[in-house]
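A quick write-up on the structure given underneath.
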Amino acid sequence: MTTSGSLYGAAAVVGIGTTPYRKRGTAPASALRLTLEAVLAACADAGLDPRSLDGFVSYANDSNEGIAVGSALGVHEIRWSTMVWGGGGGGVAAAVNAAAAAVACGQAEHVVVYRGITEVDDGRGSYGRGHFPPLLHSHGLLTPAQICALRTQRLLEVDGVPRSALEALVRADYAHAQNNPAAVAYGRPLDPAVYADARWISEPLRLYDCSRENDAAAAVVVTSARRARELVERPAFILSGVQGATRGWSESAENETSYTSAGFHPELVRRLWDGAGVKAGEVDVVQVYENFSGPAVAALIDLGLCPPGPEAGRFMTVENLTAPHGRLPINTAGGNIAEGFVHGIGLVLEAVRQIRGTSVNQVPGADLSLLLGGPMAPLVSATLLGSQRTLAGR
């Protein structure tokens with residue numbers, strides 16, 4: 001049973017588009033130009049005239065406002081334009097949820113969710129701009145890697161999660177990237193010895209535990225369920241969406257009460273599952289935001305997808321995490337770590353591909369596809385996508 005006011009099945013993703021991932025600082029065009037290319041590709045995928053877009057949503061301090069993107073596209077009318085506050089990828093799923101809410105409430109008909117980055121336009125560290133208060137930087141904590149390393153070290157030492165869980169997640173990302181020609185790690189498999197011997201970035205996080213930084217853009221188009229059925233054969237319906245932070249979790253002070261959590265507090269998790277009327281064990285595939293491997297493992301634990309403590313090591317194996325036959329395939333295009341990093345927008349596209357059945361690492365019969373944004377960030381968010389079969393069966 002779902003509650004009144006639920007997003008369940010009211011909106012769907014009908015178009016996806018992306019530019020190639022390039023090494024930071026090497027983009028051939030501005031962030032705005034890349035964003036426009038991604039939006040046009042998403043509209044072409046949906047079979048929509050780009051001028052019919054009337055809603056725009058982004059997140060993570062995107063430098064290109066919806067009104068600017070809409071103006072450049074020559075849209076007929078802008079009815080909805082919003083930004084999800086928060087640095088990094090905490091808002092990636094929240095942006096999809098905002099688009100779905102706009103459609104469900106009649107504020108807009110066709111809403112595009114986008115994110116574009118180039119180092120020339122956005123500089124280094126655009127993910128953390130304005131999110132390192134004095135308590136952190138006065139003690140030498142200047143980067144997300146340092147903050148997440150402290151929490152990950154506690155996860156390992158106090159909670160008893162074995163380091164092998166982190167390695168399995170990274171290696172699963174790389175394994176999936178070998179089947180994805182668009183991934184920056186395509187043709188570059190990760191040997192376990194290379195992973196283990198890589199240099200420290202911030203202990204216990206080594207080089208391959210960290211997401212990449214790329215110049216690129218991607219976009220998805222969200223519209224009503226009714227319109228979606230007219231546009232594409234297999235829409236990805238939005239079943240449930242949540243975002244937020246709980247008391248004792250903020251960016252102004254290091255969290256003391258749940259220091260090893262990824263930020264997905266129990267009430268938020270309950271709302272996610274109740275909103276769709278499903279349980280954690282029913283999810284077929286997960287795209288989990290891995291700014292770093294430790295927070296991603298913590299997110300899976302928070303959501304009840306992976307057992308806590310030492311048992312996490314028994315569950316988090318390369319075999320369990322890889323498609324097509326793993327118990328819980330994750331990041332099936334390679335994720336932020338092996339496909340490319342633009343604040344996780346690529347994870348949205350892959351979550352949709354799994355519902356469509358078009359992923360290069362397709363999970364057979366995937367009907368429930370989960371997107372998780374922002375582990376260990378000030379804001380976290382999640383979106384559960386489902387197939388037409390899911391809607392028909394509930």
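What you see is a predicted model, and the numbers here were worked out from it, not measured in a lab.
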Assess whether a salt bridge exists between R115 and D62, defined as any Lys/Arg side-chain N lying under 4.0 Å from an Asp/Glu carboxylate O. yes

Go through the steps for V39 and L53 under the test side-chain contact (heavy atoms from CB on, under 4.5 Å), then give the verdict. CA-CA 10 Å; V39 172; L53 295 174; 3.6 Å; yes

Quick one, E167 and P192 - any side-chain contact, counting heavy atoms below 4.5 Å? yes

Do Y174 and Y186 land in one hydrophobic cluster if side-chain heavy atoms of ILVMFWY residues count as linked below 4.5 Å? no

Treating T82 as the side-chain partner and F56 as the backbone partner, does any N or O pair qualify as donor plus acceptor under 3.5 Å? no

Between Q146 (side chain) and L142 (backbone), is there a donor-acceptor pair under 3.5 Å? yes

Are the charged groups of R212 and D173 less than 4.0 angstrom apart, N to O? no

Residue pair T246, L268: steps toward the side-chain contact (heavy atoms from CB on, under 4.5 Å) verdict: CA-CA 8 Å; T246 190; L268 180 145; over 6 Å; no

Cluster link V288 to L155, ILVMFWY, side chain under 4.5 Å: yes

Between CD of Q243 and CG of L272, what distance do you get to the nearest 0.5 Å? 12.5 Å

Any heavy-atom pair between the side chains of I345 and Y59 that's under 4.5 Å? yes

Shared hydrophobic cluster, L303 / M316 (ILVMFWY, side-chain heavy atoms < 4.5 Å): yes

Could you list the cluster mates of V363? Members are the ILVMFWY residues connected by side-chain heavy atoms closer than 4.5 Å, either directly or through other members. V285

Close side-chain approach of L385 to I238, heavy-atom, < 4.5 Å: yes

Out of curiosity, E311 CD to I301 CD1, how far, rounded to the nearest 0.5 Å? 11.0 Å

S52 and D49: side chain donor to acceptor below 3.5 Å: no

pair L305-I330: side-chain heavy atoms closer than 4.5 Å: no

So, does S359 use its side chain to make a donor-acceptor pair with the main chain of R353 at under 3.5 Å? no

How long is the straight-line distance from OG of S164 back to CZ of R314, given to the nearest 0.5 Å? 10.0 Å

Around atom CZ of R234, are there more than 12 heavy atoms from other residues, nucleotides or ligands closer than 6.0 Å? yes

With a 4.5 Å limit on heavy-atom distance, are the side chains of Y114 and V69 in contact? yes

Backbone N/O of R22 and side chain of N214: donor-acceptor pair under 3.5 Å: yes

Is there a donor-acceptor contact under 3.5 Å from the side chain of N180 to the main chain of A333? yes

dist Q388:CD -> I355:CD1 (nearest 0.5 Å) comes out at 11.5 Å

Identify whether the distance between the nearest side-chain nitrogen and carboxylate oxygen of D122 and R24 falls below 4.0 Å. no

For the OG atom of S240 and the CG atom of D274, what is their distance to the nearest 0.5 Å? 8.5 Å

Indicate yes or no for a side-chain donor-acceptor contact from T35 to the backbone of A31 under 3.5 Å, with no hydrogens or angles considered. yes

Judged by atom type as modelled, is there a donor-acceptor pair below 3.5 Å linking the side chain of S381 to the main-chain atoms of G90? yes

I'd like to know if the side chain of T118 pairs up with that of D215 as donor and acceptor (distance under 3.5 Å, no hydrogens or angles considered). no

Main-chain N/O of N336 paired with N331 side-chain donor or acceptor, under 3.5 Å: no

Sub-3.5 Å donor-acceptor pair from the side chain of E290 to the main-chain atoms of I337, do we have one? yes

Can E119 and E213 be said to form a side-chain contact (heavy atoms from CB on, under 4.5 Å), step by step? CA-CA 9 Å; E119 184 172 331; E213 296 179 11; 5.6 Å; no

Same cluster for L207 and L169 if Ile/Leu/Val/Met/Phe/Trp/Tyr side chains link at under 4.5 Å? yes

What distance do L349 atom CG and D45 atom CG have between them, rounded to the nearest 0.5 Å? 8.5 Å

Working note: D121 + N64, criterion side-chain contact (heavy atoms from CB on, under 4.5 Å); need CA distance, chi angles, decisive distance, verdict. CA-CA 10 Å; D121 290 320; N64 293 297; over 6 Å; no

Which residues satisfy the side chain to side chain donor-acceptor pair (under 3.5 Å) test with R226, sequence neighbours excluded? E230

Evaluate the side-chain proximity of L73 to L40: yes if any heavy-atom separation is below 4.5 Å, no if none is. yes

Do D54 and V75 have side chains that get closer than 4.5 Å, going by heavy atoms? no

Please tell me whether V13 and V57 are part of a single hydrophobic cluster in this structure, the criterion being side-chain heavy atoms less than 4.5 Å apart. yes

L300 versus F315: any side-chain heavy-atom pair under 4.5 Å? no

Locate the shortest heavy-atom distance separating S293 from V170; write the atom from each residue and the value. CB-CG2, 3.8 Å

Just checking, is any N or O donor in the side chain of D284 or Q354 under 3.5 Å from an acceptor N or O on the other one? no

For R188, look at atom CZ and say whether over 12 heavy atoms of other residues, nucleotides or ligands are found less than 6.0 Å away. no

Quick check against the 3.5 Å criterion: does S202 have a side-chain atom that pairs as donor or acceptor with the backbone of L205? no

Partner of T332 under side-chain hydrogen bond (donor to acceptor under 3.5 Å, both in side chains), chosen from H176, E339, Q362, E350: E350

Plane angle bin for Y208 and Y195 - parallel if under 30°, tilted between 30 and 60°, otherwise perpendicular: tilted

